[in-house]
Chemist: 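One structure, as structure tokens, below. Some questions next.
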Amino acid sequence: MTILTLIEHEQGIIDPQTLSMLTAARGLAQEQDLPLHAVLIGANVSGLAAELGEYGVTAVHMIEQDALADFAPNAWAACVVEVMGAEKPTAVIGAGTERSNEVMAHVGARTDLPFAANCLTIQPEDDAWFVKRVRWGGTLHEEARLYGDPKLLTIAALGIEPEPSSSGAPEIISVTPNLSDADLLVRVVSRIEPERKGISLTDAPVVVSGGRGVGSAEGFVILEELAGLLEGAVGCSRVVTNNGWRPHAEQIGQTGTRVAPELYIACGISGASQHMSGCSGAKHILTINSDSEAAILAKSDTAVIGDLHEIIPAVIAEIRKKTA
Amino acid sequence: MDILVCIKRVPVTGAKVTLTADEQAIDAGYLSFAPGPHEECAIEEAVQIAKKHGGRSTALTLGPDTAVEQLRYAASMGVDDLILLETDEEFPPMPTARAITAAIQAQERPFDVLLFGNESADAGGYQVGIRVAHALGMPVVTGVKKLEFADGADGGTTVATAHRQTPDGWELYEVPLPAVFTIKEGINVPRYPSIPGKLKAKKKPIQRITPEMGAVGLEKVRLVVPEAEASDVNILGHGAAAAPQVVELLAELGLV
Ligand SMILES: Cc1cc2nc3c(=O)[nH]c(=O)nc-3n(C[C@H](O)[C@H](O)[C@H](O)COP(=O)(O)OP(=O)(O)OC[C@H]3O[C@@H](n4cnc5c(N)ncnc54)[C@H](O)[C@@H]3O)c2cc1C
């Protein structure tokens with residue numbers, strides 16, 4: 001019996017959320033007195049095994065095939081199921097990312113086992129495990145019982161600091177599953193590079209975000225100017241993308257992007273929970289809103305009350321004065 | 001090309017979420033309901049595909065009788081046929097997938113394209129579309145933000161190209177139909193239903209099926225509102241006159 005983990009990687013680098021997941025899964029394995037194993041899938045991945053050892057993994061089930069050079073969710077699931085058959089793990093755990101959630105859902109479908117996505121806490125019990133998981137993009141949590149053997153789950157890893165534990169080099173167990181054409185049907189066939197312009201939203205130290213209060217697509221010119229001065233990026237609310245003022249790629253929130261900048265400037269945004277779940281990781285939230293009762297104020301560090309169309313140009317002028 | 005779009009009725013919550021006394025659901029007393037944002041885009045996509053490639057579009061939801069409202073909303077956007085899997089119980093992911101699979105198998109005409117939201121707005125289980133795909137033996141691409149179809153040579157199989165956004169750009173997937181796609185908001189901008197569309201939608205017949213729950217797999221015990229960090233907002237000032245205080249803050253944060 002083991003705790004089996006799913007390793008996500010891209011271009012020779014283990015995904016940071018996988019390292020966070022391993023940190024949490026290692027705690028669970030220690031509590032349960034079970035060894036921590038990993039499934040590592042790809043074309044040229046043996047170099048990653050050592051790092052897994054640093055995170056407490058004692059055995060790596062390695063599947064290396066040319067056909068797996070690029071991500072293929074259903075084939076990954078077939079590999080995990082193969083290892084499950086051999087190892088009879090107590091639980092199979094991935095990180096709560098798009099990819100790992102996808103692979104684990106395939107594993108659940110292939111084995112007809114339940115799967116709990118994005119768990120925050122896990123309490124193993126005799127039959128069902130008691131988990132707390134993310135709902136509504138984090139606005140709500142759900143306490144639930146997860147049945148099935150083994151338990152299939154992913155861990156909401158964003159808030160967990162990855163911690164190595166140095167347990168030495170892991171044992172390598174080569175696995176050669178028979179992947180069918182159907183398993184490999186869905187896989188990345190090509191890629192398109194992004195149209196890079198400016199700093200990416202998720203890396204920007206400052207995000208200047210606009211909501212309905214900006215009023216129009218043209219209204220964003222001053223937000224762009226402020227973002228430019230602060231070497232930041234422009235974000236927006238769902239009302240803005242629904243009105244076609246900005247592209248959806250800039251939407252912050254539950255169904256958009258999650259950001260955690262040094263400073264988030266929320267201009268004409270009311271503070272709906274689905275928006276805030278995308279920016280609650282910001283170190284500082286500065287709100288500019290005409291309504292002194294707006295819900296976002298309770299979630300902000302600082303605020304200026306008034307019309308953003310007057311305040312933002314004044315702030316721009318003041319920055320220019322200071323830096324001139 | 002016949003398209004099925006599966007949607008879920010969810011409350012449209014605002015800044016504050018309160019739970020019912022039994023902690024089983026959001027207190028929706030004064031709230032309105034809508035399909036989840038990903039699903040609203042999936043409806044729009046279904047209508048556009050049916051129009052462009054010819055064929056019928058069908059919307060399906062599993063939920064209470066009141067979920068008829070979301071089916072009619074889909075119809076008012078241009079969906080042709082409506083199916084309600086009627087239940088007052090909250091179905092976890094596995095029973096939901098089983099019920100949808102059974103309903104699809106019970107239809108006279110097979111679907112070429114099945115659309116789901118990438119994850120439901122409320123439960124966020126990330127799995128119903130994938131489970132249905134496996135049960136029906138179809139390929140599935142998740143998180144789709146662009147979808148195109150190319151007719152195969154000599155009336156051969158139509159192939160779909162699905163684009164998925166990653167932090168480093170776009171990944172492209174190619175799959176033959178029939179296939180399942182889980183859609184993400186941003187693939188299109190959903191239309192606002194027209195008045196004639198709303199009137200037409202009111203008269204659409206609804207196929208009603210009563211689904212069986214069966215084994216749950218994942219059993220909700222209760223919902224919890226996470227404790228919010230208390231934040232004492234510091235009001236820097238009012239209007240344009242507050243600009244110097246803002247720049248002072250920016251300087252403190254080391255940004256200017
Ligand atoms: C399942 C689900 C998922 C969702 N996902 C997202 C998501 O990912 N991202 C998201 O943003 N939303 C999301 N939403 C929508 C969300 O609930 C809100 O509807 C939305 O965030 C509101 O956008 P807003 O704050 O721009 O608009 P409003 O709520 O209309 O607020 C506008 C604000 O602007 C202020 N204002 C107006 N004029 C001015 C002015 N001249 N100067 C200064 N202030 C002014 C007003 O006082 C008000 O506070 C989701 C909803 C659901 C149901």
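Lettering of chains follows the sequences in order, A, B, ..., and the numbering in each one begins at 1.
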Chemist: Nearest 0.5 angstrom please: A:Thr139 OG1 to B:Ile26 CD1, how far?
Modeler: 8.0 Å
Chemist: Could you tell me whether a side-chain N or O of B:Gln127 sits under 3.5 Å from a main-chain N or O of A:Phe115, the two making a donor and an acceptor?
Modeler: yes
Chemist: Run B:Lys220 and A:Arg135 through side-chain contact (heavy atoms from CB on, under 4.5 Å) and show every step you take.
Modeler: CA-CA 11 Å; B:Lys220 181 179 73 187; A:Arg135 276 205 178 212; 3.9 Å; yes
Chemist: Once rounded to the nearest 0.5 Å, what's the spacing between atom CZ of A:Arg110 and atom CZ of B:Arg131?
Modeler: 13.0 Å
Chemist: Heavy-atom pairs under 4.5 Å with chain A: which of B:Asp122, B:Leu236, B:Leu255 has the most?
Modeler: B:Asp122
Chemist: If you draw a 6.0 Å radius around CD in A:Glu125, do more than 12 non-hydrogen atoms from other residues or ligands fall strictly inside?
Modeler: yes
Chemist: Tell me yes or no: between the side chains of B:Lys145 and A:His248, is some donor less than 3.5 Å from an acceptor?
Modeler: yes
Chemist: Among B:Val246, B:Thr161, B:Thr13, B:Val10, single out the residue with the greatest number of heavy-atom pairs under 4.5 Å to chain A.
Modeler: B:Thr13
Chemist: Please determine, among A:Leu201, A:Ile311, A:Thr302, A:Val315, the option with the most heavy-atom pairs under 4.5 Å with chain B.
Modeler: A:Thr302
Chemist: What part of B:Glu40 lies closer than 4.5 angstrom to a heavy atom of chain A: side chain, backbone, both or neither?
Modeler: side chain
Chemist: Could you give me the CA-CA distance, side-chain angles and deciding distance for A:Tyr147 and B:Met94, then say whether side-chain contact (heavy atoms from CB on, under 4.5 Å) is met?
Modeler: CA-CA 12 Å; A:Tyr147 293 89; B:Met94 285 178 88; over 6 Å; no
Chemist: By a 4.5 Å heavy-atom criterion (distance strictly below it), what part of B:Val225 contacts chain A: side chain, backbone, both, or neither?
Modeler: both
Chemist: Is there a side-chain contact (heavy atoms from CB on, under 4.5 Å) between B:Arg164 and A:Val188? Walk through the geometry before answering.
Modeler: CA-CA 9 Å; B:Arg164 169 146 103 169; A:Val188 179; over 6 Å; no
Chemist: Measuring from atom NE2 of A:His141 to atom CZ of B:Arg222, what distance do you get when rounded to the nearest 0.5 angstrom?
Modeler: 12.0 Å
Chemist: Against A:Glu98, only a single residue in B:Asn118, B:Thr142, B:Thr166 fulfils side-chain hydrogen bond (donor to acceptor under 3.5 Å, both in side chains); can you say which?
Modeler: B:Asn118
Chemist: Can you tell which part of A:Val206 gets under 4.5 Å to a heavy atom of chain B, answering side chain, backbone, both or neither?
Modeler: side chain
Chemist: Identify the two heavy atoms, one from A:Gly138 and one from B:Pro226, that lie closest to each other, and give their separation to 0.1 Å.
Modeler: O-CG, 3.6 Å
Chemist: Between CG of B:Leu250 and CG of A:Leu230, what distance do you get to the nearest 0.5 Å?
Modeler: 5.5 Å
Chemist: Side chain, backbone, both or neither: which part of B:Val132 has a non-hydrogen atom closer than 4.5 Å to chain A?
Modeler: neither
Chemist: What part of A:Asn118 gets closer than 4.5 Å to chain B, counting heavy atoms only: side chain, backbone, both or neither?
Modeler: side chain
Chemist: Return the option, out of B:Ala242, B:Pro244, B:Gly125, B:Gly124, with the maximum number of heavy-atom pairs under 4.5 Å with chain A.
Modeler: B:Pro244
Chemist: Relative to chain B, which segment of A:Thr202 carries a heavy atom at a distance below 4.5 Å: side chain, backbone, both, or neither?
Modeler: neither
Chemist: What pair of heavy atoms forms the shortest contact from A:Leu286 to B:Leu249, and how long is it?
Modeler: CD2-CD2, 4.2 Å
Chemist: Flag the one option from A:Lys321, A:Glu262, A:Arg99, A:His284 with the top tally of heavy-atom pairs under 4.5 Å to chain B.
Modeler: A:His284
Chemist: Please look at B:Ala241 and chain A and tell me whether the side chain, the backbone, both or neither of the residue comes under 4.5 angstrom of a heavy atom of that chain.
Modeler: neither
Chemist: Who among B:Gly36, B:Pro139, B:Pro37 has the most heavy-atom pairs with chain A under 4.5 Å?
Modeler: B:Pro37
Chemist: Considering only heavy atoms, which portion of B:Leu19 lies under 4.5 Å from any heavy atom of chain A: side chain, backbone, both, or neither?
Modeler: side chain
Chemist: Heavy-atom cut-off 4.5 Å, strictly under: side chain, backbone, both or neither for A:Asn242 against chain B?
Modeler: both
Chemist: Need one label for A:Leu263: side chain, backbone, both or neither, based on atoms under 4.5 Å from any heavy atom in chain B.
Modeler: side chain
Chemist: Tell me, out of A:Glu310, A:Met104, A:His106, A:Lys299, who's got the most heavy-atom pairs with chain B below 4.5 Å.
Modeler: A:His106
Chemist: Starting at CZ of A:Arg191, measure out to CG of B:Leu172 and round the result to the nearest 0.5 Å.
Modeler: 10.0 Å
Chemist: Using a cut-off of under 4.5 Å on heavy-atom pairs, state which of B:Pro176, B:Gly143, B:Ala121, B:Ala135 scores highest against chain A.
Modeler: B:Ala121
Chemist: Walk me through whether A:Asp70 and B:Glu171 qualify under side-chain contact (heavy atoms from CB on, under 4.5 Å).
Modeler: CA-CA 10 Å; A:Asp70 237 325; B:Glu171 293 173 347; 5.9 Å; no
Chemist: Rounded at 0.5 Å granularity, tell me how far CD in A:Glu318 sits from CD in B:Glu248.
Modeler: 9.5 Å
Chemist: A side-chain contact here means heavy atoms from C-beta on lying under 4.5 Å apart; do A:Thr154 and B:Tyr126 qualify?
Modeler: no
Chemist: Do B:Val233 and A:Thr287 come close enough that some side-chain heavy atom pair is under 4.5 Å?
Modeler: no
Chemist: Among B:Ile130, B:Val141, B:Val140, find the residue that satisfies the side-chain contact (heavy atoms from CB on, under 4.5 Å) test when tested with A:Glu102.
Modeler: B:Ile130
Chemist: Looking at B:Glu185 and A:Arg238, is any side-chain nitrogen of the basic one under 4.0 Å from a carboxylate oxygen of the acidic one?
Modeler: yes
Chemist: Heavy-atom count check: over 12 atoms from other residues, nucleotides or ligands less than 6.0 Å from A:Asp181 CG?
Modeler: no
Chemist: Answer with side chain, backbone, both or neither: which region of B:Pro92 has an atom nearer than 4.5 Å to a non-hydrogen atom of chain A?
Modeler: neither
Chemist: Is it the case that atom CD in A:Glu10 sees more than 12 heavy atoms from other parts of the structure closer than 6.0 Å?
Modeler: yes
Chemist: Based on non-hydrogen pairs under 4.5 Å, which of B:Ala133, B:Ala240, B:Ala123 is most in contact with chain A?
Modeler: B:Ala123
Chemist: Which atoms of A:Arg187 come close to chain B, meaning under 4.5 Å heavy atom to heavy atom: side chain ones, backbone ones, both, or neither?
Modeler: backbone
Chemist: Which atoms of A:Gln251 come close to chain B, meaning under 4.5 Å heavy atom to heavy atom: side chain ones, backbone ones, both, or neither?
Modeler: side chain
Chemist: For the candidates A:Ala117, A:Ser190, A:Ala295, which exhibits the highest count of non-hydrogen atom pairs separated by less than 4.5 Å from chain B?
Modeler: A:Ser190
Chemist: Taking every non-hydrogen pair under 4.5 Å, which of A:Met276, A:Lys283, A:His275, A:Gln274 racks up the most with chain B?
Modeler: A:Gln274
Chemist: Pick one of side chain, backbone, both or neither for B:Pro11, based on which atoms fall under 4.5 Å of a heavy atom in chain A.
Modeler: both
Chemist: Looking at chain B, which one of A:Gly306, A:Ala128, A:Ala144 has the largest number of heavy-atom pairs inside 4.5 Å, strictly under?
Modeler: A:Ala144
